[in-house]
4 protein chains.
Amino acid sequence: MGLVGTQSKQRVPRAVRERQMLDAAVATFAKRGYRAASMDEIAVAAGVSKPLVYLYLHSKDELYSACVRREAEALQAAVRAAVEPGAPADRQLWSGLLAFFEHTAAHPDGWAILYSQARTVGEPFAEEVAAMRAEIAEFVRALIGAAAADAHCDPVLADREVAGLAHALVGAAESLAGWGAAHSGRENAATLMNFAWSGLANLMRGGRWEPSAR
Amino acid sequence: MGLVGTQSKQRVPRAVRERQMLDAAVATFAKRGYRAASMDEIAVAAGVSKPLVYLYLHSKDELYSACVRREAEALQAAVRAAVEPGAPADRQLWSGLLAFFEHTAAHPDGWAILYSQARTVGEPFAEEVAAMRAEIAEFVRALIGAAAADAHCDPVLADREVAGLAHALVGAAESLAGWGAAHSGRENAATLMNFAWSGLANLMRGGRWEPSAR
Amino acid sequence: MGLVGTQSKQRVPRAVRERQMLDAAVATFAKRGYRAASMDEIAVAAGVSKPLVYLYLHSKDELYSACVRREAEALQAAVRAAVEPGAPADRQLWSGLLAFFEHTAAHPDGWAILYSQARTVGEPFAEEVAAMRAEIAEFVRALIGAAAADAHCDPVLADREVAGLAHALVGAAESLAGWGAAHSGRENAATLMNFAWSGLANLMRGGRWEPSAR
Amino acid sequence: MGLVGTQSKQRVPRAVRERQMLDAAVATFAKRGYRAASMDEIAVAAGVSKPLVYLYLHSKDELYSACVRREAEALQAAVRAAVEPGAPADRQLWSGLLAFFEHTAAHPDGWAILYSQARTVGEPFAEEVAAMRAEIAEFVRALIGAAAADAHCDPVLADREVAGLAHALVGAAESLAGWGAAHSGRENAATLMNFAWSGLANLMRGGRWEPSAR
DNA sequence: TATGAATGAGTTTTCATTCAT
DNA sequence: TATGAATGAAAACTCATTCAT
């Protein structure tokens with residue numbers, strides 16, 4: 001006794017324990033989903049007793065919210081850190097996408113919580129996730145807007161159209177992140193840029209695909 | 001007694017009852033999510049007793065699977081019916097997208113089950129949904145491949161690249177279907193075509209966006 | 001099989017089951033108190049499973065409220081049935097007290113719920129009990145008022161004074177009911193009448209005990 | 001450091017800390033009831049950590065018992081101090097009642113513990129309270145007995161009858177203390193004396209109310 | 001003297017599912 | 001075909017209590 005590692009009831013500072021719990025919760029929620037994950041399982045995964053989880057995180061809802069907040073902030077931080085503010089719009093978009101795919105590939109459980117699980121309607125944290133998604137979409141929207149301004153694009157794009165494009169791009173990225181977990185972030189980012197960028201460029205030049213256009 | 005409308009415990013043919021139950025289940029699952037929806041609530045919504053639901057649909061899982069199957073088939077049928085086999089690829093894509101957006105807008109509960117709810121991992125029907133999604137992606141992939149062949153596109157697109165594009169397109173459509181519920185299917189479809197088609201066209205011509213391209 | 005009494009899972013009509021549950025709940029709450037009584041124990045005492053208790057009575061709170069309501073109504077009915085409306089006030093009071101003591105002696109558990117347990121502050125049914133007590137006090141107050149009017153009592157008794165007397169009488173009766181559970185209702189009623197009635201009579205004649213009166 | 005008021009973990013003598021804890025416990029038990037009050041809440045209210053409460057008071061039960069004991073002794077001391085041993089019986093009763101009502105009005109939380117909460121059967125301190133109540137009743141019984149002896153009351157009152165009267169009086173006082181919290185102790189005491197004393201006097205003179213007495 | 005960290009045991013409540021008719 | 005009656009199993013959450021410092 002007295003040796004490091006001999007602890008039976010480890011005494012660990014609160015901050016550390018909270019991180020352990022969040023780690024365990026993210027993994028468990030990712031694996032099972034919100035409703036199917038039990039507090040019991042999370043506590044076991046965290047290596048503590050259930051009451052301690054409640055003492056620190058208060059409820060299943062708050063625990064999930066804390067997970068979502070942490071993972072969303074990490075993702076946003078990664079993307080934001082990657083983007084060089086002064087660079088041309090396509091460069092910015094590329095950097096952002098690259099960071100996005102690399103982060104989600106590196107943190108699949110966090111991504112599962114943000115994407116697959118948290119969409120679930122009816123749960124009390126739905127707005128937390130919706131807000132994060134809206135923020136990301138707005139970020140992309142601003143990028144597209146800036147690019148359009150750069151290009152002096154003539155038949156100005158309607159706001160609603162830009163917003164729609166942003167949502168489409170976000171959805172495409174999310175889908176690729178899920179599908180392409182096995183592929184490198186660079187490949188995914190390139191796919192999306194190829195897919196989207198010349199479409200955007202064309203749009204900005206005033207070109208439009210017309211349904212009647214045979 | 002015996003008069004039409006006087007019976008309280010109606011004897012209704014099995015097929016009709018089953019449809020009532022599926023309707024109620026789809027609505028309830030869409031509103032609450034799989035776990036949160038209770039068989040009690042579904043039975044009440046269907047206007048029958050719980051044992052009858054079990055008699056016909058056997059279990060919550062099977063019930064949900066039946067819902068997913070029905071809604072997935074309806075969506076696929078709608079898309080397939082809209083596409084003219086002989087038409088040029090862009091025309092086919094346009095028709096498919098239009099049908100997709102119109103169907104999801106017309107059946108938001110069905111769409112919620114396919115998209116939001118059913119993604120939830122860990123649930124036993126996850127594969128049902130994944131399969132449907134894969135089928136749709138494959139359909140799109142085939143379209144793109146056909147278009148590429150049409151265009152005699154020279155630096156042949158890698159299979160993996162085409163699949164990635166297909167997934168991106170599907171994700172973009174899904175995202176738009178959720179975001180743009182308020183907008184007309186035609187608008188959404190146009191947005192996506194503008195967004196995606198010239199990118200594809202450009203790709204087929206061998207143009208590529210390059211990260212190094214400053 | 002087929003013999004009466006061979007049931008393993010008895011099928012009993014809802015009304016009967018509800019009464020069984022209320023009986024068990026009254027006994028258990030009386031023995032343990034509201035918080036200390038567990039739904040498990042009540043279910044076992046009622047000879048059913050816990051879910052059935054919840055199916056019929058919805059929650060511990062509602063269950064307790066139902067108990068209080070039932071016992072309060074029974075007590076009030078017993079007292080009210082015993083009082084002859086036209087009789088002189090002392091006669092009415094006597095009959096009421098007698099019925100009160102006999103009923104509480106015959107239903108000690110019900111009385112425990114109304115008196116000992118239900119006074120507990122902080123519980124959500126407190127007002128239910130307070131209301132019943134107020135109703136009884138009001139009934140007595142009316143009796144005293146009527147007696148005073150009968151007696152043409154001269155220095156009219158202040159309303160507040162009458163109300164105070166009524167509360168004192170109720171408290172005395174409650175105390176006796178608890179203490180004198182072993183004694184006959186008739187004895188208890190006589191004790192109270194002797195204790196209280198000539199005091200009232202004296203008051204009505206204008207006599208008052210004065211603190212200064214050595 | 002070392003300056004008065006600078007310490008955060010105050011070193012306070014045991015006696016003082018114990019009083020703080022009892023004060024907090026009395027207030028909390030009064031507000032929530034025995035079961036609903038948590039040791040956590042009490043510790044917070046006392047401004048100390050939970051282990052310290054256990055160090056000094058050992059368990060929830062013992063803590064509650066200590067509260068009951070302290071409040072009961074304070075009430076008894078107040079009543080006893082007010083009664084002049086040599087005075088005539090009615091005078092003694094008057095002084096005791098007055099002190100009782102004034103003390104309970106001044107210490108409503110203490111009274112709540114003794115009266116409302118502690119009656120709860122099934123809890124391990126029930127006897128503590130019952131003992132106190134018995135002691136008070138005995139005190140009153142002695143007073144009545146003395147008065148009867150004073151009055152050379154002829155048809156000697158049976159012991160059981162005197163005890164019953166004492167209990168009735170105590171219950172009346174308790175009821176008034178709860179109902180009449182808003183009224184002055186003097187008013188309440190006067191109400192009771194008027195209510196009870198002439199009844200007692202009459203009894204002692206051999207007068208009895210008879211059920212048959214129409 | 002004083003406390004942050006930790007838990008075993010128990011609570012109320014819900015739900016998918018079945019039996020007897 | 002249809003249902004009222006019934007339950008096993010498990011979930012979220014709380015609490016009195018103790019250990020290590």
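Computed from heavy atoms alone, side chains included, the values below leave out hydrogens, waters and symmetry copies. Order of the sequence lines sets the chain letters (A, B, ...), proteins ahead of strands, with each chain counted from 1.
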Can you tell me how far apart CG (A:Leu22) and CZ (A:Arg70) are? Round to the nearest 0.5 Å. 5.0 Å
Just how far, in rounded Å, is P of E:dG10 from CE of D:Met39? 19 Å
DNA chain E: A:Val12 or D:Gly47, which has the more 5' nearest nucleotide? D:Gly47
Yes or no on side chain to side chain contact (heavy atoms under 4.5 Å, CB included) for B:Ser65 and B:Val68, after CA distance, side-chain angles and deciding distance? CA-CA 5 Å; B:Ser65 281; B:Val68 167; 5.7 Å; no
Could you tell me whether A:Glu18 and A:Arg14 make a salt bridge, using a distance below 4.0 angstrom between a side-chain N and a carboxylate O? yes
Applying a 4.0 Å non-hydrogen cut-off, can you work out what D:Ala37 is touching in the nucleic acid: base, sugar-phosphate, or nothing? sugar-phosphate
Stepwise, does the side chain to side chain contact (heavy atoms under 4.5 Å, CB included) test hold for A:Met39 with A:Leu63? CA-CA 10 Å; A:Met39 293 299 269; A:Leu63 173 57; 4.0 Å; yes
For a side chain to side chain contact (heavy atoms under 4.5 Å, CB included) check, start with the C-alpha distance between C:Ile113 and C:Tyr64, then their side-chain angles and the critical distance, and finish with the verdict. CA-CA 9 Å; C:Ile113 284 186; C:Tyr64 196 87; 3.7 Å; yes
I want to check one thing: is the phosphate of F:dA2, taken as OP1 and OP2, less than 4.0 Å away from some side-chain N or O of B:Arg17? yes
Tell me the interatomic distance from B:Asp40, atom CG, to E:dT17, atom C1', rounded to whole angstroms. 11 Å
Base E:dT7 to side chain A:Lys50, donor-acceptor N/O within 3.5 Å cut-off: no
Step by step, work out the side chain to side chain contact (heavy atoms under 4.5 Å, CB included) result for C:Lys31 and C:Asp109. CA-CA 8 Å; C:Lys31 186 159 40 146; C:Asp109 285 350; over 6 Å; no
Euclidean distance, A:Glu41 CD relative to A:Ser38 OG, rounded to 0.5 Å: 5.5 Å
Between A:Ser59 and C:Ala15, name the one whose nearest nucleotide on DNA chain F is closer to the 5' end. C:Ala15
Taking Watson-Crick and G-U wobble contacts under 3.5 angstrom, with | marking pairs to another strand and [ ] crossing pairs, the secondary structure of DNA chain E is written .||||||||||||||||||||
How long is the straight-line distance from CZ of D:Arg32 back to CD1 of D:Ile42, given to the nearest 0.5 Å? 10.5 Å
When the distance from OH of B:Tyr34 to P of E:dA16 is rounded to whole Å, what number comes out? 8 Å
Length of the CZ-P vector between B:Arg11 and F:dT1, whole Å: 8 Å
Expressed as a whole number of angstroms, how long is the span from D:Arg35:CZ to E:dT11:P? 9 Å
Side chain of C:Ser49 only, please: which of E:dA6, F:dA2, F:dA6 is the nearest? F:dA6
Quick one: D:Glu62 CD to F:dT17 P, roughly how many Å, whole number? 10 Å
When you measure from the centre of the six-membered ring of B:Phe29, is the NZ or CZ of B:Lys60 closer than 6.0 Å and no more than 45° off the axis? no
Counting only heavy atoms and a strict 4.0 angstrom limit, can you tell me which residues of residues 51-58 of chain D come near DNA chain F? D:Pro51, D:Tyr54
On DNA chain F, does the nearest nucleotide to A:Lys60 precede the nearest nucleotide to B:Val48 from the 5' side, or the other way round? Give the residue. B:Val48
Are C:Arg14 and F:dA5 close enough that a side-chain N or O sits under 4.0 Å from OP1 or OP2? no
